Amino acid sequence: MAATDFKDYYAILGVSKTASPEEIKQAFRKLARKYHPDVNPGNKQAEASFKEVNEAYEVLSDADKRKKYDQFGQYWRQVGDSGFPGGAGVDMNGFDFSQYGTFDEFINELLGRFGGGAPRSGGKQNYSYRTPGGRPGGGYGGFGDFGFQDVGTGGAQDAEATITLTFAEAFAGTQKRFSIGNENLEVRIPPGAKPGNRLRVKGKGQFNPMTQQRGDLYLKVELQPHSFFQIEGDNLVCEVPITPDEAALGASIDVPTPDGSVNVKLPAGVRSGQSLRLRGKGWPLAKGGRGDQLVKVAIAPPKDMSQQEREYYEKIRAIRTYNPRSHLQQVKL
């Protein structure tokens, strides 16, 4: 029964919720005479009212039914049919059942499982938040009320949300503010958050009406794509283009890192796709320190050459002795 279909039997009989059995009987007799079909022949509205009065009296005149009705409202019939222990004297502390649209929603929240649709509180709810810019850094020096961990089945009242960070925020740590329902949260993100990490915020999950306690909120980290850096494990990965002559002869080039540019020496004969390792220039580690930065080399031939450059390339081709495809001559099925 939807909340909008709920019948207030007390209002139908015109009595208060504290009315005695005798007061309920008197109100019923008065209304039954008023709406009786013999008194109102052919009056469909009176007939409907007569049925409602009888239905209300049937429930409120029975002590057991009235007790369930008072405790569970529109769900009292389902509670009785399902054998739910609430009908056996469980004190629900005045819990408001009118907030649920269907009995299934109430049971799903109470038992902490999913029904046919998204749960109200039971199970694990998913939210997605893109928060405004935070304050990177700040020397948080630890995880405080949250730590990186994977969420298994967890408590039945845990909630899950997605929080999207920039690379700078995730690298240095930041502080974020966002809202869940009517509640405003301020969360500190420790340095080194990576995609897929979950930050646990204690006591900010869903409310359990049985235990009167809240579960935890797990924030799943996502990172906005960066134009230069990528994360692979604990390492930062980047790709740096070099010219054919730098690849053949070797060179010193400047490479961006999170700490600023550093000078990197390219060995002569470096191949496209080869990686150079910059130790301690990678992603912050949970236990302190940094991973490495891997610089992948990509040989980029010039698209627009001057006349002199073209002439020199043609001379090199004419005198070149190295054939990188010589080994392919022996390839067979």
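Everything numeric here is computed off the predicted structure, so don't read it as measured data.
- Between F167 and I231, some side-chain heavy-atom pair lies under the 4.5 Å cut-off.
- Proximity of K296 to L276: side-chain heavy atoms (C-beta onward) are nowhere separated by under 4.5 Å.
- M305 belongs to a hydrophobic cluster whose remaining members, ordered by chain and number, are Y313; membership requires side-chain heavy atoms of ILVMFWY residues under 4.5 Å apart, directly or through intermediates.
- Taking CG of L294 as the start and SG of C238 as the end, the distance is 8.0 Å to the nearest 0.5 Å.
- When the shell of 6.0 Å around CD of E52 is examined, it contains more than 12 heavy atoms from other residues, nucleotides or ligands.
- Contact detail for L13 and A56: the closest heavy-atom pair is CG-CB, 3.9 Å.
- Residues D158 and Y218 have side chains in contact (heavy-atom distance under 4.5 Å, counting atoms from C-beta outward).
- Clustering ILVMFWY residues whenever any of their side-chain heavy atoms sit less than 4.5 angstrom apart, transitively, puts L223 in the very cluster that holds F228.
- In this structure, a donor-acceptor pair under 3.5 Å is present between the side chains of Y10 and D70.
- Within the 4.5 Å cutoff, the side chain of E222 has no heavy atoms near those of the L165 side chain.
- Note on D234 versus K194: salt bridge recorded, some NZ/NE/NH1/NH2 to OD/OE distance being below 4.0 Å.
- Side chains of Q230 and H226 form no contact here, defined as non-hydrogen atoms less than 4.5 Å apart.
- For the pair K25 and F28, the cation-pi test (distance below 6.0 Å, angle within 45°) is failed.
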